[in-house]
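Counting begins at 1 with the first residue of the sequence.
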Amino acid sequence: MAVKRFYETFHPEHYDLFIDVNRADKTISGTSTITGEAQDDTIFINQKYMKISAVRADGKDVDFTVNNKDEAIKIDLGRTGETTIAIDYSAPLTDSMMGIYPSYYELNGEKKQIIGTQFETTFARQAFPCVDEPEAKATFTLSLKWDEKPDEIALGNMPETSVENGVHHFEETVRMSTYLVAFAFGELQSKIAETKGGIKVGVFATKAHKPKELDFALDIATRAIDFYEKFYETPYPLPHSWQLALPDFSAGAMENWGLITYREAYLLLDPDNTSLEMKKLVATVITHELAHQWFGDLVTMKWWDNLWLNESFANMMEYLSVDNLEPDWHIWEMFQTSEAPAALQRDATDGVQSVHVQVNDPAEIDALFDSAIVYAKGSRMLVMVRSLLGDEALRKGLKYYFDHHKFGNATGDDLWNALSTATDLNIGEIMHSWLEQPGYPVVTAKINNDGHLVLSQKQFFIGDGEDKGRTWQIPLNANFDAPTIMAEKEIDLGDYKKLREEAGHPLRINVGNNSHFIVNYDKTLLNDILADADNLDSIAKLQLLQDLRLLAEGNVVSYADLVPLLVKFADSKSSLVINALYTTAAKLRQFVKPGSADEENLKQFYNDISVKQVERLGWIPKKGESDEDAQIRPYELSASIYAGNAESIKTAHKLYEENSDNLEALNADIRPYVLISEVKNFGSHNLMAKLISEYKKTNDASYKADIRAAATSTIDIAEIHKIVSYFEDADVIKPQDLRGWYRGVLANSHGQQAAWDWIREDWSWLEKTVGGDMEFATFITVTAAIFHTPERLKEFKAFFTPKVNTPGLTREIKMDTKVIESKVDMIAREKDAVNSAIKVAID
């Protein structure tokens, strides 16, 4: 087809939608009436999986052809200009969690369903014929009918205005993109509040949940809207903001304007028994989606190549807003332990996408949602911009951006231009070096033979990488006298002794870890930092471990050198440092074979670094203890259980016995470790049957995750095969939760073969079940994250290389092959040195 974008042929202005959903027959039928401006005699409208029965232009039948390959209806108008097109259609109601689809749940033993929608990226065309492109903004008036039962309600982007003859009518929307249209219906409970500005905020869920599980989300959402209105200096543009938990949901959440949809796990929680970590996670998901109501919904990317503009920005704002709402949580620490390492790890593999990517094929659009790049790396870029600009200039620039682009579309350059109105820095030039290029630099700091301190930059790779001589504009943020931005390959800062004397402390670069690069200090500089390690703040210690860990994976330093550092930081009272410590310790596991003497030594090492902390903290959370201690405990208990510490196993068993009648009531901070220990050390057929039964019964997402962690750690091969048999049984494991179960069994040395056999044998089932969806490629990522032996590499290549040309999987397969190759090489190179270092540490 000559036309690349349908918007070039037709500009929609308004949609009158009538949609009739029949759950019993699993069908959708309706009429999409679109008023707009035809740019050509022949126009193109999107459809997918539809049967089109009639097309009328201004009341008269017109010729049309349906092209399923291009997801198109070609309509011969014979003229240009203002016209109203009415399209009658029918379509299947699918179980793919895309388009309009059912979510299943049980209430008092009765199976029920909620109908919801998911239209991002290109699934609105499965619900109604439309120009399904972000730039084709229009207003929408929805009329919705379904096989309605008593006590059922309907929700939409806008308030419902009336119900006539079983048809629910909704108020006309503001101007918006098709992928943000949403509606839902079924039997729902709700809690409603109001913002200071009079916006109605609601949380909706099935009646299978306890009413108190809606409270936390309602509080965060209401306060977040107040915060954003103030921060953006731009009012929330709709009368309501509904948050809806769907029992089946492929993504984490979706920012539909005025009707945000969530996985139940990311919206609902028991305020009396949920870990602080989980509360933080849920809060950031809610504030992420609410940030989008302005950044993404009010102003939308012009095309999918600027997807990062939506996601990176919302990813930064979620932390900024939660930090404002709950300052005691120190939420930016979570940014350091989640976004930063994810971005640095992924972005060091050759072949990674840049943040800004050209894309046209709909099948490739979903592959853009690389969370480590578009979300994590992109948000680090914006954190970098924020630290360069300061909040006042950032807000001033954003106000300009919203004022000039509201209800329209924008590109990355529009944002840089807006921010440049508030600063003398050339933000666009700095950001292009980060967003248009894949990867990131390692800055090497060394003292030359002439005593000068020299900094140089080059692209950092884990595994093989082609050095194309890229350079970045690096905000150095050094604690010595140094330029703000390093744009050159190499800079000479002058005489080191003099600089060191003037500064009065060791040289450190990227202070605060806000910029997207790592530092390789020469021996003199590193020893200077280590000698002063007790005076480093928590982020500096985390950064030290993180950078050295990456340098070890990139074959710049040895992993063996990190072992003594772990001992040095083991008694830290900072959860940030402990997180970095166990992230690194976990990497040591790949150097030992299960059941070997080396593994016994590593377990002893784990015991040595955790035993004092477990004694200090105890298993049971104490009243009034610090948030830091509450967050350190899970790391230490997990380490102690892995180490096989007899005292910990005994305590965990006692706690299990005392709570076996009501495991859900066990304190959520320690519950996973009690259950894991029980399964590993006292496992039985009855215990596994009990856990699976509890998993099916509970609606508490945290408890479900704890059971999954425990059940997948079983060493009983028969039980592992039973778990794998549940992978395709949606009554036990919903497709949305499958990846976590697969990963759990694959990571278990006793279960790896069974999980790997399953995915290879049943790949076509997996493709059919989650193939249309951005989750699909992540099954490959998860596999590559665990595999690290030559045998598995060979099998991985044998299975995935023939699939390398599958749209949406190409980049993932190529990159993940490299990920495993680099680990295999590193283990061969480092194994003896690492295991010797561990032996020395425990002697």
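- In this model, no donor atom of one side chain and acceptor atom of the other lie less than 3.5 Å apart for K541 and Q546.
- Comment: R395 does not engage D391 in a salt bridge, judged by the lack of any side-chain N to carboxylate O separation of less than 4.0 angstrom.
- Counted by atom type alone, T300 and K137 present one or more donor-acceptor pairs between their side chains at under 3.5 Å.
- Taking the six-membered ring for Trp and the full ring otherwise, the centers of W294 and Y236 sit less than 6.0 Å from each other.
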Please report the C-alpha distance between S241 and Q243 in whole Å, then the side-chain angles of each, then the deciding distance to 0.1 Å, and finally whether the side-chain hydrogen bond (donor to acceptor under 3.5 Å, both in side chains) criterion is met.
CA-CA 7 Å; S241 173; Q243 329 297 313; 2.8 Å; yes
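- The side chain to side chain donor-acceptor pair (under 3.5 Å) check on T195 picks up nothing, with sequence neighbours excluded.
- The aromatic ring centres of F44 and F10 sit 6.0 Å or more apart.
- Aromatic ring centroids of Y440 and F517 lie 6.0 Å or more apart.
- N306 and T411 share no donor-acceptor pair across their side chains, judged by distance under 3.5 Å alone.
- Between D347 and H516, the side chains place a donor N or O and an acceptor N or O closer than 3.5 Å (distance only, hydrogens not considered).
- Under 3.5 Å, the side chains of T173 and T139 contain no donor-acceptor pair of N or O atoms.
- For D370 and Q353, the side-chain atoms include no donor-acceptor pair closer than 3.5 Å.
- With 3.5 Å as the limit, one finds a donor-acceptor pair spanning the side chains of S321 and Y228.
- Closest approach of N409 to M301, counting heavy atoms only: ND2-O, 3.2 Å.
- For the residue pair Y179 and T121, the shortest heavy atom distance occurs at CB-O, 3.8 Å.
- Between R5 and E8, none of the side-chain N atoms (NZ, or NE/NH1/NH2) sits under 4.0 Å from a carboxylate O, so this pair counts as no salt bridge.
- Between A245 and L268, the shortest heavy-atom contact is CB-CD1, 3.7 Å.
- Checked against a 6.0 Å centroid threshold, the rings of F227 and F231 count as neighbours.
- Heavy atoms only, all atoms of each residue included: G439 and Q459 are closest at CA-NE2, 3.7 Å.
- Crowding of K191 atom NZ: a count of heavy atoms from other residues, nucleotides or ligands under 6.0 Å exceeding 12.
- When all heavy atoms are compared, the tightest approach of T284 to M334 is OG1-CE, 3.7 Å.
- For the side-chain contact (heavy atoms from CB on, under 4.5 Å) criterion with M176, the lone passing option out of L298, V181, L238 is V181.
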Sequence neighbours left out, cut at 3.5 Å: what donor-acceptor pairs do the side chains of residues 253-261 make with other protein atoms?
from: N256; atom 1: ND2; to: L259; atom 2: O; distance (Å): 3.1
from: N256; atom 1: ND2; to: T261; atom 2: OG1; distance (Å): 3.1
from: W257; atom 1: NE1; to: Q293; atom 2: O; distance (Å): 3.2

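- At a cut-off of 3.5 Å, with distance as the only test, no side-chain donor of N310 or H292 sits close to an acceptor on the other residue.
- Heavy-atom neighbours of D481 CG from other residues, nucleotides or ligands within 6.0 Å: at or below the threshold of 12.
- Within the 6.0 Å centre-distance limit, the rings of Y401 and F295 are counted as a close aromatic pair.
- A donor-acceptor contact under 3.5 angstrom links the side chains of D413 and H432, judged on distance only.
- One finds no salt bridge joining K230 and D226 here, because no Lys/Arg side-chain nitrogen approaches an Asp/Glu carboxylate oxygen to under 4.0 Å.
- Taking the side chain to side chain donor-acceptor pair (under 3.5 Å) definition, one finds that K302 meets it with nothing, sequence neighbours left out.
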